[in-house]
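Step one of this worksheet: look at the structure below.
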Amino acid sequence: MEDQLLATPGEVLGSALQYKAGKGAYLYKRTVISAITGFRSFIHPPSDSPDQRPTVGVTGHKAHGPVPQPGSMVLARVTKVMARMASVDIMCVGFKAVREKFTGTIRQQDVRATEIDKVDMHLSFRPGDIVRALVLSLGDARSYYLSTAKNELGVVSAESSAGATMVPISWTEMQCPLTGQMEHRKVAKVNA
């Protein structure tokens with residue numbers, strides 16, 4: 001670390017023309033902004049790199065868990081389903097559990113890759129479902145925008161009204177093993 005300047009969430013770290021956003025920072029309207037409280041760090045690129053901007057990041061001053069970044073795979077619990085979007089609480093980034101609360105939004109256009117206009121959010125997700133999703137972007141100040149528009153993304157675990165863990169039977173349906181009742185979901189492809 002070149003300097004020990006403290007940064008707080010939302011603090012401007014520099015222009016995107018001068019710096020790339022590293023861990024603990026994000027890009028917003030051509031500005032690099034701190035996502036966490038901690039110390040600024042600068043990493044200079046190798047001399048043969050075509051992009052010679054240093055990477056500015058923030059290293060937490062205390063131990064903290066992973067932070068979602070665009071392109072990260074996350075596991076999240078659905079908290080609310082509305083007509084055009086579903087709200088989720090992010091539980092894991094990759095295979096690591098988060099220590100802070102991060103919220104996400106799955107918008108109607110980000111549920112599937114095809115027939116986007118026919119997506120019914122209430123037939124894709126239900127509160128309590130565990131979803132595997134991809135972080136698209138920071139979204140707004142309150143939540144990350146997430147996508148389930150790939151075969152391996154979507155609901156990975158759901159509980160039926162009888163309290164049993166449901167079994168996926170197709171891309172769009174899960175079944176309760178106790179009652180045999182079928183429910184619609186945007187089901188994630190299971191890797192065999």
Side-chain angles (χ1 to χ4, degrees), residues 10 16 21 25-31 33 35 65-192:
Y26 62 91
L27 197 59
Y28 180 73
K29 293 187 179 178
R30 295 192 211 128
T31 305
I33 298 176
V67 176
Q69 305 279 338
S72 300
M73 196 68 66
V74 297
L75 278 179
R77 182 183 314 276
V78 177
T79 56
K80 188 175 181 183
V81 180
M82 293 152 278
R84 296 192 171 275
M85 62 188 210
S87 297
V88 300
D89 285 340
I90 297 172
M91 303 181 311
C92 296
V93 176
F95 296 105
K96 295 183 180 176
V98 296
R99 295 187 189 163
E100 301 169 50
K101 182 176 178 179
F102 297 106
T103 57
T105 300
I106 303 171
R107 299 172 297 179
Q108 184 179 16
Q109 66 263 33
D110 297 324
V111 173
R112 291 197 307 232
T114 59
E115 297 182 322
I116 294 167
D117 55 328
K118 295 181 182 175
V119 170
D120 183 332
M121 295 303 290
H122 296 283
L123 295 180
S124 300
F125 308 106
R126 299 248 175 107
D129 288 356
I130 305 300
V131 177
R132 182 185 309 127
L134 184 71
V135 178
L136 292 176
S137 66
L138 183 68
D140 57 33
R142 294 180 305 281
S143 72
Y144 289 85
Y145 285 147
L146 307 178
S147 170
T148 58
K150 291 184 179 177
N151 289 345
E152 66 272 15
L153 305 176
V155 177
V156 293
S157 178
E159 193 174 286
S160 70
S161 52
T165 300
M166 298 182 74
V167 178
I169 57 168
S170 75
W171 299 108
T172 59
E173 291 182 310
M174 295 182 103
Q175 183 175 26
C176 174
L178 300 178
T179 65
Q181 181 179 351
M182 311 281 262
E183 291 184 15
H184 288 278
R185 295 291 199 283
K186 194 300 185 180
V187 181
K189 179 182 177 185
V190 181
N191 295 335

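Just so it is clear, the values below take in all heavy atoms, side chains as well, and ignore hydrogens, waters and symmetry mates.
For residues 121-130, the pairs satisfying salt bridge (charged side-chain N to carboxylate O under 4.0 Å, His left out) are R126-E183, D129-R185, with sequence neighbours left out. For residues 107-117, the set of pairs meeting the side chain to side chain donor-acceptor pair (under 3.5 Å) definition, not counting sequence neighbours, comprises R84-Q108, R107-D110.
Taking every heavy atom of both residues into account, C176 and A164 meet most closely at SG-CB, 4.1 Å. Shown here for P68 and V135, the closest heavy-atom pair between the two residues is CB-CG2, 4.1 Å. Summarising the geometry of T105 relative to S143, their closest heavy-atom pair is OG1-OG, 2.9 Å, with the distance given to 0.1 Å. Considering every non-hydrogen atom in both M174 and A158, the closest pair reads SD-CB, 3.8 Å. Nearest approach of V131 to V78, heavy atoms of both residues: CG2-CG2, 3.5 Å. The minimum heavy-atom distance between V81 and M121, with the atom names listed, is CG1-O, 3.6 Å.
Under the 4.5 Å side-chain criterion, counting only non-hydrogen atoms from C-beta, Y144 is not in contact with V88. Taking the side chain as every heavy atom from C-beta outward, M91 and I130 approach each other to under 4.5 Å. Taking 4.5 Å as the limit, some side-chain heavy atom of T165 sits within range of a side-chain heavy atom of S157. Here the side chains of Q181 and S161 are in contact, with some heavy-atom distance below 4.5 Å. In this structure, S87 and M82 have side chains that are in contact, with non-hydrogen atoms separated by less than 4.5 Å. Within the 4.5 Å cutoff, the side chain of P70 has no heavy atoms near those of the L138 side chain. H184 is not listed as a side-chain neighbour of D120, based on a closest heavy-atom distance of 4.5 Å or more.
Residue L136 holds its CG atom at 11.0 Å from OG of S72, rounded to the nearest 0.5 Å. Rounding to the nearest 0.5 Å places NZ of K189 at 5.0 Å from CH2 of W171. Interatomic distance, E173 CD to L123 CG, rounded to the nearest 0.5 Å: 10.0 Å.
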- Message: As a quick check of understanding, evaluate side-chain contact (heavy atoms from CB on, under 4.5 Å) for F125 and T148, giving each step before the final call.
- Response: CA-CA 11 Å; F125 308 106; T148 58; 3.8 Å; yes
- Task: Evaluate the criterion side-chain contact (heavy atoms from CB on, under 4.5 Å) for residue pair L134 and M73; output intermediate values, then yes/no.
- Result: CA-CA 5 Å; L134 184 71; M73 196 68 66; 4.2 Å; yes
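The backbone N or O of A149 sits nowhere less than 3.5 Å from a side-chain atom of K186 that would complete a donor-acceptor pair. Using modelled atom types, one side-chain atom of Q175 and one backbone atom of G180 make a donor-acceptor pair closer than 3.5 Å.
Considering only residues two or more places apart in sequence or on other chains, K101 meets the side-chain contact (heavy atoms from CB on, under 4.5 Å) condition with D89, T103.
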